[in-house]
> 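The structure follows.
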Amino acid sequence: MKPVRVRFAPSPTGPMHIGGVRTALFNWLFARHHQGQFILRIEDTDQKRYVEGALELITEGLRWLGLDWDEGPEVGGPYGPYIQSERLERYQQWANWLVEQGKAYRCYCTEERLTRVREIAEKSGRRLQGYDRHCRNLSEEERQRLHDETGGEYVIRFKMPLEGQTVIHDLLRGDITFDNQELNDLVLLKSDGFPTYHLANVVDDHSMEISHIMRAEEWIPTAPIHKQLYMAFGWEMPQIAHLPVLLNPNGKGKMSKRSARFSEDGRAVPVLLNEFREAGYLPEAIDNFLATVGWSFGDDREIFTLAEAIEAFELGRVNPAGSAFPIHKLDWMNGTYIRDMEPLRLAQLIKPFLEDAGFEVNIEQLVGIVPHIQERIKTLKEAIEWTQFLWVEEFVLTDPEALIQKKMDAEGTLQALRGAYDVLVNLVDFAYESQEAAIRQYAEDNGLKASQVFNILRVATTAQQVSPPLFQSMAVLGREESLSRIQKAIDSLEKSNQPSQ
RNA sequence: GCCCCAUUCGUCUAGUGGCCUAGGACGUAGCCCUCUCAAGGCUAAAACACGAGUUCGAACCUCGUAUGGGGCACCA
């Protein structure tokens, strides 16, 4: 059996799309499972869409996810170069070879004519949309005339067989049959000398000895053309599987940056890999999650490592149907990874998020609070709201009314605050256990429910109704700062309690 | 308009002719735990798109219909 060689072939048009990431993951898992090679190839054949720095975004993203490549940019390999713009002569040679063989032809049609033809075809409801094969059978005189008229600018189009059928054997879907008369004479080589995807992917997959093509479902309609190209070249076509697409979370349409990127609860859903990263998702969670959409482990396992996925990965288990992007499941899964993480490591990962939010982070305090927010956050970014009470430069309690708990009044609240202050200020040590024992005792002695006093103190020290566990929070905050905040709460309550004059 | 693909709980999925009174997970609801919020534990509601075949037997095979998705560029 031929060695397994698969490729991931993104275009450098910006950050990776999460759908592309999953395609990369499936290819990578397949390669690793079969001890084959995973090749990264950059398809930068559209100069108009080229984005500066996009290549770095792609390689960085793949590395972040732990998807290493055996051949490709930065690592090289025996089949290079792996960037298509550096392989131009090959495509030109092969395109010209097809012309010489009578299997392709030069087309001199202008963009205006093409647009017009397309419009007419659309309006007339013609069976075959697109190009009308105007230049397919030009006489030499006509060709020469057009050549002169257009200043020698032309594209090379593939001469698609006009009859018969082309069958694609898809590893996931079985045989897919197309009538050749439904298929267009696609452009192989553009007028700027760059190849189109159709030519480049065939030439490269063949010359790089790719054994299996796993690409997105939207390529199915052009697969027969690619097959015909392989036949025209006399090359064996790699095995092929079309992977299902990722749909928007509401199931409406292909997941994309531009279309509805909102889930049913109205939240914005990330689409690009860097958006997931910035939102505070972990690479191991993204890997695990993506592997469960369109593929399943086999037993009922949902949480598994990349190594386990390699072991279990089978193309046959890939579900060919497109799937709505289950963003809520990602949240849950990311949460499980956060909970299982070493607190110290988690703290390191959270730190940059806090700094980006403009906070100056005390690392000791961060390490102290992390174990208490760990089971409360689903993304790293959520650590901001849970810990901001620690980092604010000047603590202000904007709404002293919030101190007053249910079934209590301002006077009672004030008394409780003063009482709690006295208890805490006299504590020998400020460990959370000591605080809790003392405050519980105080509540009991004064006929208050412990939770009432706790919540008053929570608001007083964090200015939030919801916080990490109170005494742990105060312990991390420190005795001095905690007491100072409680004093401030007392002051503000006294002030607002005075009858206005 | 034409071509192509797909169709199991709200969502992601298990299921490859009898093991299915259809399993798991997320989400949802209830209860327990509890200093808020979580996490955790328990419980519940929730699906084979429809119609014809094939077969002793169909979620699984075939054909139609419906619905959803993809494609019809000198973009990939």
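Not measured: the values here are computed from a predicted model. Each chain gets a letter, A, B and so on, in the order its sequence line appears, and its residues count up from 1.
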> Can you figure out which of B/C35, B/G69, B/A25 approaches the side chain of A/Arg458 most closely?
B/C35
> Between A/Arg440 and A/Glu436 (salt bridge meaning N to carboxylate O under 4.0 Å), is one present in this structure?
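Looking at A/Arg440 and A/Glu436, the cut-off is met.
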> Any side-chain donor paired with an acceptor under 3.5 Å for A/Thr387 and A/Trp391?
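Yes, because at least one side-chain N or O of A/Thr387 sits under 3.5 Å from a partner of the opposite role on A/Trp391.
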> Which part of the nucleic acid does A/Lys123 contact within heavy-atom distance under 4.0 Å: base, sugar-phosphate only, or nothing?
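Touches nothing.
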> So which of residues 378-391 of chain A are in contact with RNA chain B, with a heavy-atom cut-off of under 4.0 Å?
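Within residues 378-391 of chain A, the residues near RNA chain B are A/Lys378, A/Trp386.
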> May I ask you to verify if any side-chain N or O of A/Lys252 is less than 4.0 angstrom from the OP1 or OP2 atom of B/G69?
no
> Please classify the nucleic acid contact of A/Arg157 as base, sugar-phosphate, or nothing, using heavy-atom distances under 4.0 Å.
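Answer is sugar-phosphate: A/Arg157 comes under 4.0 Å of backbone atoms only.
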> What's the CZ-P distance between A/Arg376 and B/C35, to the nearest Å?
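Distance check: A/Arg376 CZ to B/C35 P gives 12 Å.
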> Assign A/Thr45 to base, sugar-phosphate, or nothing according to its heavy-atom contacts below 4.0 angstrom with the strands shown.
sugar-phosphate
> Can you tell me if the side-chain N/O atoms of A/Arg118 get under 4.0 Å from OP1 or OP2 in B/C74?
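Looking at the OP1 and OP2 atoms of B/C74, one of them is under 4.0 Å from a side-chain N or O of A/Arg118.
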> Among the candidates B/C26, B/G40, B/G71, find the nucleotide nearest to the side-chain atoms of A/Pro221.
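Ranking B/C26, B/G40, B/G71 by closest atom to the A/Pro221 side chain puts B/G71 first.
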> Can you check the A/Asp46 CG to B/C75 C1' distance for me, whole Å?
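That distance rounds to 5 Å.
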> Of the listed nucleotides (B/C74, B/C35, B/U36), which one gets closest to any side-chain atom of A/Lys190?
B/C74
> Determine which pairs satisfy salt bridge (charged side-chain N to carboxylate O under 4.0 Å, His left out) with at least one residue from residues 328-342 of chain A, sequence neighbours left out, and list them in order.
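Residue pairs with at least one partner in residues 328-342 of chain A: A/Arg267-A/Asp331, A/Glu302-A/Lys329.
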> We want to know whether A/Asp204 and A/Gln84 form a side-chain donor-acceptor pair, criterion being a heavy-atom distance below 3.5 angstrom.
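Short answer, yes.
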> Tabulate atom names and distances for all N/O pairs under 3.5 angstrom spanning the protein and nucleotides 9-13 of chain B.
| unit_1 | atom_1 | unit_2 | atom_2 | d |
| --- | --- | --- | --- | --- |
| B/C12 | OP1 | A/Ala324 | N | 2.8 |
| B/C12 | O2' | A/Thr292 | O | 2.9 |
| B/C12 | O2 | A/Lys329 | NZ | 2.8 |
| B/U13 | OP1 | A/Gly294 | N | 2.5 |
| B/U13 | OP1 | A/Ser323 | OG | 3.4 |

> Which pairs count as salt bridge (charged side-chain N to carboxylate O under 4.0 Å, His left out) when at least one residue sits in residues 167-177 of chain A, sequence neighbours excluded?
A/Asp170-A/Arg173, A/Arg173-A/Glu217
> Which residues in residues 170-180 of chain A have at least one heavy atom lying under 4.0 Å from any atom of RNA chain B?
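Here the set is A/Arg173, A/Ile176, A/Thr177, A/Phe178.
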> Among A/Phe289, A/Phe297, A/Tyr337, which one satisfies ring-ring contact (aromatic ring centres under 6.0 Å, His included) with A/Phe304?
A/Phe297
> What pairs of donor and acceptor atoms, side-chain ones from residues 397-407 of chain A against any protein atom, are under 3.5 angstrom apart with sequence neighbours left out?
| unit_1 | atom_1 | unit_2 | atom_2 | d |
| --- | --- | --- | --- | --- |
| A/Asp399 | OD1 | A/Glu401 | N | 3.2 |
| A/Gln405 | NE2 | A/Leu403 | O | 3.2 |

> Out of B/U36, B/G69, B/C26, which nucleotide sits closest to the side chain of A/Val466?
B/U36
> Between A/Asp299 and A/Ala9, name the one whose nearest nucleotide on RNA chain B is closer to the 5' end.
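Looking at the nearest nucleotide for each, A/Asp299 comes out on the 5' side.
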